[in-house]
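What follows is a set of notes on a single structure, which appears directly below.
In what follows, every chain begins at residue 1, and chains take the letters A, B, ... in the order their sequences are listed. Here the structure is a predicted model, which means the values were calculated and not measured.
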2 protein chains.
Amino acid sequence: MSTMPPMGGDLSRLRQLNALTVIKTLRGAEAATLSALAERTGLSRPSTKEVIDELSAMGWVEEVPPASGTMGRPARRYRFRADGGHLMGLDIGAYHIRAALADLDGGVIAETRRPAHPGAPLEDRLAAIEQAAATCLALGGLTIADLWAVAVGTTGLVGPEGRVIMSASIPAWRDLDLGGLLGEMFPCRVLVENDSRLAALAETRRGVARDARDVVFLHIGRRMGTGLIIDGRLHRGFGAAAGEIVMLPEAGWRDGPVDLNDAAIVPDGLPPEDAAGFTLAAARDGDPTALDAVARFTDKLAVGTAAAVLLLDPEIVVLGGGFSRSADVLLPPLRSRLERVCLRMPKLSASTLGDECVVLGAIDYAIEHLDQLFFAPDAPALRPPVRPATSPPGPDPT
Amino acid sequence: MSTMPPMGGDLSRLRQLNALTVIKTLRGAEAATLSALAERTGLSRPSTKEVIDELSAMGWVEEVPPASGTMGRPARRYRFRADGGHLMGLDIGAYHIRAALADLDGGVIAETRRPAHPGAPLEDRLAAIEQAAATCLALGGLTIADLWAVAVGTTGLVGPEGRVIMSASIPAWRDLDLGGLLGEMFPCRVLVENDSRLAALAETRRGVARDARDVVFLHIGRRMGTGLIIDGRLHRGFGAAAGEIVMLPEAGWRDGPVDLNDAAIVPDGLPPEDAAGFTLAAARDGDPTALDAVARFTDKLAVGTAAAVLLLDPEIVVLGGGFSRSADVLLPPLRSRLERVCLRMPKLSASTLGDECVVLGAIDYAIEHLDQLFFAPDAPALRPPVRPATSPPGPDPT
DNA sequence: GTACTAATGATGGTCTCCTATATAACTCTC
DNA sequence: GAGAGTTATATAGGAGACCATCATTAGTAC
């Protein structure tokens, strides 16, 4: 038998577990009293207190002024110090680079975007990434040393080690050790992942698929892709190649939205990247040619989606990516086709996060990574680069 | 936020966790000394001893004679008492009913099978199940009261509550509360699951896919189905309808192996259930008509399989079910078609468990269920219907 | 029969959690 | 504005579970 995860252990391990439970409980809640924490964690009051004191000393938790106007003695309230550390999410697409700076709760502090060109040489793209990150940090009043982790979402097939195997839309992205390159740029952990997968994660953590355990995310735009959340976790597959239903010939996703791009209604002079949008807009206005093109497109879309739904039986299918702006045009025909085939029809919704979904997903991914670090039995128990609280939360002697 | 699983807790919880670690370590190993256990679990010797004493008193562990011929004082050796409890696995197919009795390690003690008829009325089928179970128990020298759990695999769509929604091959299986009916038959926990899924589980626990975390199992025979193991766990989906790629029109699995059944080479008088086998045998002998039929069949098989592989990127695809006997004929064409489409080609192997895979999977499923019970934080901590060891393993005062 | 080896068994100490009780702070009512 | 009522805090005592250490024991090797 292979080595198993020793889940029990020392007394200190028990304390670590309880501390993590407290942190998890505190997170998301705005602020909580000791009694509330004790009840929600199942610990006794004195124990909760001790844990909180320890966490305060380490800078993970801080006290906030008690709520006034309540009966009885006012309860001390504690809050997770989301500003104890910072994360950066990056979205590196063919035509754009986005950066977002966030706290440990995933709250966005600053955001930047700058255009990019698919064919630009590698150095230019890397320089643009560095600039976007620098701008974002400056906006947030932080330096690169404040970052605990950076997560990157990019188009293409990303290997297990942060290596970009290939990307259809960025020629320079071919057998490239992107993780390594960015690792030289940032003095912290760098995670690289496929953009569709990260978008799926964002949608499950804070979008329409919140709290769903099984989600199929359709990343539909100039490029097509999918991201799968299975049992609440991002599914990567054995070789990190999961979600590539694009390659199934029978689904006909491979050439992207050709039906929309090549519709007869598209004017000759229009730049190719705007063609699909034009067709979708015309379909919304009821143009029959455009509607026909949309029907052909959704037919193909439905084949791959049906395969995913039949295999995984997700709770919800989310339509995201650039075309999700046209969800009103795409969803009805997609729904009717799926209903014809699916054994159990899942919910079907458009993304609510829009263009930001990949950066947000990157941030959520980074948070997940940090969480996992803390939970490791042999972890340096809650002691990442955390500096003591700026204002010591101990009893103020005034 | 919904209620989260409190992972820490009491001191007793820590003990529970450590006891479970010890049990997990002990399981699978033939017998282990205290020192070995202490090292493998990470606990200290005295603690390990205390845990072992507790487990012995509860009947989970027993002492075996020390190994002779070693240096130093002989170490006491302990063993997981697999015979402390018993499980039953059932495989209810259209044409057969199988029952297997197993110990807590999943080792099969006795096995029965009896024929069935697809169109038989419900009562007959239930009576046959009861008889199969009784025979099996008698063979093992046990009574129905010795069973801790019964797991059932059957064809058709099985709902989350053990309800059979419908089954294409057993007419009586329609909107039937099978879990409830069998719950009256057996005085213990009864689990109902789709047979393909259980076969997939068996294959990952003890078959060719042992230790793989992501597995696609193809259940190929008179009926077609799939079972998915994702991240080491059986994937059921939100509505327990996962794996039903059969329904995808583009894959053409819906009508089963029509290409093999209707091949021109099949003699007229042959009973329909033997037709496919005849074609496969002819193909093995090189008959061109049969080979052509096999090619058409594997073409279809490859479409659905490719969809699953592209979406999930499994480590291995296992070909199981009745036709896995003809894997030598089916695998080569299937492999070549998959290689053409898949981004990363998974391993592709035939099942090694044969006809027993569903009962074995049912047993493994029952074991998994029991394990899960023990791990629950609020569990009655390791106290299922376990009777004290027949021979008290304490120090014998002679 | 003596030396060596490796496991056993017992003792004391530390850590973490729990229950219970006394104390403190604030609101509401008269 | 004083007392009653309410809710939290703080502290003390006790039990459970783990660990390190050391003397003891039961074998093998020479």
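The residue from A:Asp214, A:Thr204, A:Ile316 that alone fulfils the side chain to side chain contact (heavy atoms under 4.5 Å, CB included) condition with A:Ile229 is A:Thr204. With A:Asp364 as the partner, the side-chain hydrogen bond (donor to acceptor under 3.5 Å, both in side chains) test is satisfied by one option alone out of A:Arg205, A:His369, A:Arg206: A:Arg206.
Put simply, the side chain of B:Thr352 reaches to within 4.5 Å of the side chain of B:Glu203, judged on heavy atoms. Counting heavy atoms from C-beta outward, A:Leu55 and A:Ile23 have side chains that approach closer than 4.5 Å. Counting only heavy atoms from C-beta outward, the side chains of B:Val61 and B:Val22 never approach each other to under 4.5 Å.
Note on B:Arg236 versus B:Glu193: salt bridge recorded, some NZ/NE/NH1/NH2 to OD/OE distance being below 4.0 Å.
When the C1' atoms of four end pairs are superposed on the next four at each end of the helix from C:dG1-D:dC30 to C:dC30-D:dG1, using five pairs per end, the two resulting axes differ in direction by 0°, to 10°.
When distances run from any side-chain atom of A:Leu11 to the nucleotides C:dT16, C:dC18, C:dA10, the shortest one goes to C:dT16.
Looking only at distances, no side-chain donor or acceptor of B:Arg81 sits under 3.5 Å from a matching main-chain atom of B:Glu62. Of the possible polar contacts, one joining the A:Asp146 side chain to the A:Thr143 backbone as a donor-acceptor pair under 3.5 Å is found. One N or O on the side chain of B:Arg77 and one on the backbone of B:Pro65 form a donor-acceptor pair closer than 3.5 Å. For the pair A:Asp105 (side chain) and A:Gly107 (backbone), a donor-acceptor distance under 3.5 Å is absent.
Regarding A:Arg45, its CZ atom lies at a distance of 18 Å from the C1' atom of C:dT16, rounded to whole Å. We find that OH of B:Tyr78 is positioned 11 Å from C1' of C:dA7, with the value rounded to whole Å. A:Lys49 places its NZ atom 18 Å from the P atom of C:dT19, with the value rounded to the nearest Å. Atom CG of A:Asp10 is separated from atom C1' of C:dC17 by 14 Å (rounded to the nearest Å).
Contacts between chain B and DNA chain D, taken as any atom within less than 4.0 angstrom of a protein heavy atom, begin and end at D:dG16 to D:dA29.
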Taking only nitrogen or oxygen atoms into account, show me every contact under 3.5 Å that the protein makes with nucleotides 22-26 of chain C, one pair per line with its distance.
from	atom 1	to	atom 2	distance (Å)
C:dA24	O4'	A:Arg73	NH1	3.4
C:dA24	N3	A:Arg73	NH1	3.4
C:dA25	N3	A:Arg73	N	3.4

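Look at A:Asn18 and you'll find a side-chain N or O under 4.0 angstrom from OP1 or OP2 of C:dC17.
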